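Some notes on the structure that comes next.
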Protein chains: 2
Amino acid sequence: MIANLSITEENYIKAIYHLQQTDGNVTTNEVAEMLHTKAASVTDMLKKLNAKNIVNYAKYQGFTLSDDGRKIALSIVRKHRLWEYFLVEKLQFGWDEVHEVAEELEHISSLKLVEKLDAFLEYPKFDPHGDPIPDVNGKMVYQPQINLTDLPPSELAEVTAVGSQSTELLELLKHKKIAIGTKIIIKKKFLFDNSIEIKLQNQAAFTISQQLAQALFVKKTPNE
Amino acid sequence: MIANLSITEENYIKAIYHLQQTDGNVTTNEVAEMLHTKAASVTDMLKKLNAKNIVNYAKYQGFTLSDDGRKIALSIVRKHRLWEYFLVEKLQFGWDEVHEVAEELEHISSLKLVEKLDAFLEYPKFDPHGDPIPDVNGKMVYQPQINLTDLPPSELAEVTAVGSQSTELLELLKHKKIAIGTKIIIKKKFLFDNSIEIKLQNQAAFTISQQLAQALFVKKTPNE
DNA sequence: TAATTATTTTAGATTCGCCTAAAATATTAT
DNA sequence: ATAATATTTTAGGCGAATCTAAAATAATTA
Ligand SMILES: [Mn+2]
Ligand SMILES: [Mn+2]
Ligand SMILES: [Mn+2]
Ligand SMILES: [Mn+2]
């Protein structure tokens with residue numbers, strides 16, 4: 001059951017995992033776009049992963065991860081998010097700076113390292129972007145959250161996650177002083193451009209774009 | 001000046017660095033042996049590194065690192081030893097378990113990561129095996145130390161470093177309760193097999209082999 | 001349904017790191 | 001100095017991961 005995969009193979013497996021979270025069945029072009037490579041390269045890799053029983057693949061039909069594939073993907077996601085947590089909490093990185101570094105660290109193979117790191121960090125449940133960290137067995141906390149655009153006006157909510165790790169998004173959030181845990185109330189929705197007027201604690205209300213609202217996930221907070 | 005080297009290239013550069021510490025001029029076969037590869041592969045890589053001005057190489061003449069090459073090597077050694085320190089001091093690894101993991105971690109490219117890690121560890125000067133950690137500028141503490149075989153009898157000394165990171169050596173040292181910092185006195189040298197009778201604090205004297213003695217480096221301690 | 005367009009796969013090359021076998025060069029022994 | 005041996009380099013090839021261009025298949029549109 002011990003995998004011994006190349007960094008490239010691991011990156012493909014993780015990409016397929018993330019794509020099938022939203023899409024179900026994954027396509028060649030989606031993977032190519034996500035990994036900044038070409039469709040032909042993806043097909044080559046799919047044949048390899050299929051031969052290793054990591055992916056269920058039939059020509060022209062799309063594909064999904066096998067059970068083994070999903071386990072591997074979860075172990076990579078686990079490492080990625082644990083390292084991100086380490087970078088932010090222990091090394092004082094900004095939450096907008098950690099993704100690229102974790103992209104490398106997630107490929108360090110030592111199992112012992114992951115478990116010791118997890119213990120050192122005291123078994124965190126969420127990474128700095130609000131995404132759940134799988135445990136040793138691949139289990140993670142399900143956080144019931146909704147998109148900010150689906151939050152009704154006047155209800156207090158708390159930011160739980162962001163929809164992407166792009167520098168651009170995180171830069172904007174930093175400027176607007178919005179982070180994981182920030183309390184938010186929707187004041188008004190504008191139908192013209194789907195922009196939303198929101199209010200944070202101890203701050204004047206301001207308006208954010210539809211794009212930004214869609215990138216924010218929240219959970220409703222008991223209005224104490 | 002930014003390098004962007006493959007992991008393989010980095011491993012060659014580090015190997016050449018270590019070999020030239022003892023040998024001065026380095027040979028193809030030495031590198032091949034250290035990296036468990038073949039002489040022909042080393043020649044291929046030397047051409048590449050020569051083209052990048054990382055090594056001074058002339059056919060059949062042996063080679064050394066260029067100034068650039070040395071800088072690169074030092075930055076890899078710095079990362080390797082910082083990570084080893086991290087693994088032992090923060091994650092509670094044994095000193096005999098960290099070398100292989102650091103062999104991977106040393107290739108993580110983020111400069112910011114190294115500096116933040118160094119700060120987090122409070123700028124350690126030596127790794128768990130007693131080897132000095134280069135600072136950002138490649139400078140490291142010179143520790144005047146001698147081989148245990150050169151220590152005169154009856155002089156109190158302290159173990160400062162070990163000559164290799166092999167599991168076999170570290171296992172033996174653990175069993176004999178010898179570590180970095182351990183105080184040692186030589187009781188007697190046996191000419192027949194160059195074995196040495198030594199005594200540690202609060203322990204009965206025992207004899208160690210020539211091979212083991214050669215793997216230990218010490219500094220003389222003011223006999224308070 | 002048939003034609004057009006989009007997607008996916010194959011074919012054929014390229015680069016990197018590695019190998020074995022043979023040739024070139026250097027070293028050592030006679 | 002010449003021969004034998006050791007070391008290093010070259011020649012030629014292989015697998016992994018990538019690419020472009022062309023062919024195969026699927027999906028969409030007319
Ligand atoms: Mn990655
Ligand atoms: Mn994250
Ligand atoms: Mn290495
Ligand atoms: Mn070390």
Side-chain angles (χ1 to χ4, degrees), chain A residues 2-16 19-20 22-65 69 72-73 76 103-104 106-107 109, chain B residues 3-17 19-20 22-65 69 72-73 76 103-104 106-107 109:
Chain A
I2 279 142
N4 210 5
L5 299 157
S6 71
I7 290 177
T8 307
E9 289 170 316
E10 290 193 349
N11 283 334
Y12 272 94
I13 294 167
K14 202 181 60 160
I16 297 169
L19 287 168
Q20 90 183 11
T22 31
D23 285 34
N25 209 45
V26 184
T27 71
T28 306
N29 268 348
E30 286 171 341
V31 176
E33 195 194 8
M34 177 166 277
L35 295 181
H36 307 105
T37 182
K38 297 298 155 73
S41 308
V42 176
T43 301
D44 284 350
M45 181 57 81
L46 281 172
K47 288 186 200 159
K48 255 183 79 180
L49 295 179
N50 191 53
K52 293 187 179 187
N53 291 310
I54 286 169
V55 61
N56 303 114
Y57 167 65
K59 267 193 192 180
Y60 291 107
Q61 303 309 131
F63 43 90
T64 53
L65 289 178
I72 297 166
I76 303 167
E103 209 53 49
E104 289 182 53
E106 71 191 358
H107 304 290
S109 58
Chain B
N4 210 5
L5 300 157
S6 71
I7 290 177
T8 307
E9 288 171 314
E10 291 193 348
N11 282 334
Y12 273 94
I13 293 167
K14 203 181 60 160
I16 297 169
Y17 171 83
L19 287 168
Q20 92 183 8
T22 32
D23 286 35
N25 209 45
V26 184
T27 71
T28 306
N29 269 347
E30 285 171 342
V31 175
E33 195 195 7
M34 177 166 278
L35 296 181
H36 306 106
T37 181
K38 296 298 155 73
S41 308
V42 175
T43 302
D44 284 350
M45 181 57 81
L46 282 172
K47 288 186 199 159
K48 254 184 79 181
L49 295 179
N50 191 55
K52 294 185 178 186
N53 290 311
I54 286 170
V55 60
N56 305 114
Y57 167 66
K59 267 191 194 179
Y60 292 104
Q61 303 308 132
F63 43 90
T64 54
L65 289 177
I72 296 165
I76 303 167
E103 209 53 50
E104 289 183 53
E106 72 190 358
H107 304 291
S109 58

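Being a predicted model, the structure only gives us computed values, none of them experimental.
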message = Strictly under 4.0 angstrom, non-hydrogen atoms only: write out the protein contact profile of nucleotides 4-10 of chain D, one letter per nucleotide from the 5' end, B, S or -.
response = ---SBBB

query = Think B:Thr37 has a side-chain N or O under 4.0 angstrom from the OP1 or OP2 of C:dC19?
reply = yes

inquiry  = Against B:Tyr57, only a single residue in B:Leu49, B:Thr43, B:Thr64 fulfils side-chain contact (heavy atoms from CB on, under 4.5 Å); can you say which?
reply    = B:Thr43

query = Heavy atoms under 4.0 Å, any strand shown: does A:Ser41 hit a base, just sugar-phosphate, or nothing?
reply = base

ask   = What are the two closest heavy atoms between A:Ala73 and A:Leu65, and how far apart are they?
value = CB-CD1, 3.9 Å

key: Whether B:Asn53 side chain and B:Gly69 backbone form a donor-acceptor pair below 3.5 Å   = no

N/O (side chain, B:Lys38) to phosphate O (OP1/OP2, C:dT20) under 4.0 Å = yes

task = Take the protein atom CG of B:Asn4 and the nucleotide atom C1' of C:dT15, then report the distance between them rounded to whole Å.
result = 15 Å

N-O pairing of B:Lys38 and B:Glu33 below 4.0 Å = no

message = On a heavy-atom basis, which atom in A:Glu104 and which in B:His107 lie closest, and how many Å separate them?
response = OE1-O, 3.9 Å

request  = Please state how far atom CE in B:Met45 lies from atom P in C:dC19, giving the value in whole angstrom units.
outcome  = 12 Å

ask   = Ignoring hydrogens and geometry, is there a side-chain-to-backbone donor-acceptor pair from B:Glu9 to B:Ser6 under 3.5 Å?
value = yes

